[in-house]
Amino acid sequence: MFDIIALLIPIVGFVCLVAIVRAVIDGRVKRRLAEMQASEGMVRELVRADLIKRRHELLKWGLLLGAIGLALVGIELLGLGSENPGTYGLLMGAAGAGLLVSRVLQGRDG
C-alpha cells in the first residue's frame, strides 16, 4: 500500500502544478484581452473555441480512462499478472484505442 501512495504523490503533485500554471496563464490572457478592449466578436470567438477545446479534452480523457478501466477488468478476468507481457499489451492497446476513438469523434465535430 505504501508503494502505491509513494508513487501517486509525485503524480498528483505534478497534475496540480500543471492545473495551477494553466489557470494563471488563462487568467493573464483574459486580463490582457480586457485591457486591449478587444472586439466583442473576437472575444466571443475565443470563448467558443475554448469551449470546444475543453469539450474535446473531456471526451478524450473520458474515453481513455474508460478504455483503460475496461482493460483492467479484462486483465482481472483473464487472470493476468504483472509478469505477463500481455497485461501491458492489453493496457497500451486499450489506451491507443480510446485515443483513436476520441480522434474519430472529434473529427465529426469539425
- Other than I52, what residues sit in its cluster of Ile, Leu, Val, Met, Phe, Trp and Tyr side chains whose heavy atoms are under 4.5 Å apart, directly or through others? none
- Query: Given V21, which of I25, V24, V18 fulfils the side-chain contact (heavy atoms from CB on, under 4.5 Å) condition?
  - Reply: I25
- Output all residues satisfying salt bridge (charged side-chain N to carboxylate O under 4.0 Å, His left out) with D50, sequence neighbours left out; order by chain, then residue number. R54
- Which pair of heavy atoms, one from K60 and one from Q106, lies closest together, and at what distance? CB-NE2, 4.2 Å
- Are L58 and W61 joined in one hydrophobic group, where the rule is that I, L, V, M, F, W and Y side chains link up if heavy atoms are under 4.5 Å apart? no
- Task: Would you please name every residue forming a salt bridge (charged side-chain N to carboxylate O under 4.0 Å, His left out) with R32, sequence neighbours left out?
- Result: none
- Query: Can you list the residues that meet the side-chain hydrogen bond (donor to acceptor under 3.5 Å, both in side chains) rule with R48, with sequence neighbours excluded?
  - Reply: E45
- Item | Single-linkage hydrophobic cluster, 4.5 Å side-chain cutoff, L64 and L59 together | no
Side-chain donor-acceptor distances from residues 5-17 under 3.5 Å, at least two apart:
none

What side-chain donor-acceptor pairs closer than 3.5 Å can you find for residues 87-100, not counting sequence neighbours?
from	atom 1	to	atom 2	distance (Å)
T87	OG1	G81	O	2.7
T87	OG1	N84	O	3.3
Y88	OH	S82	O	3.0

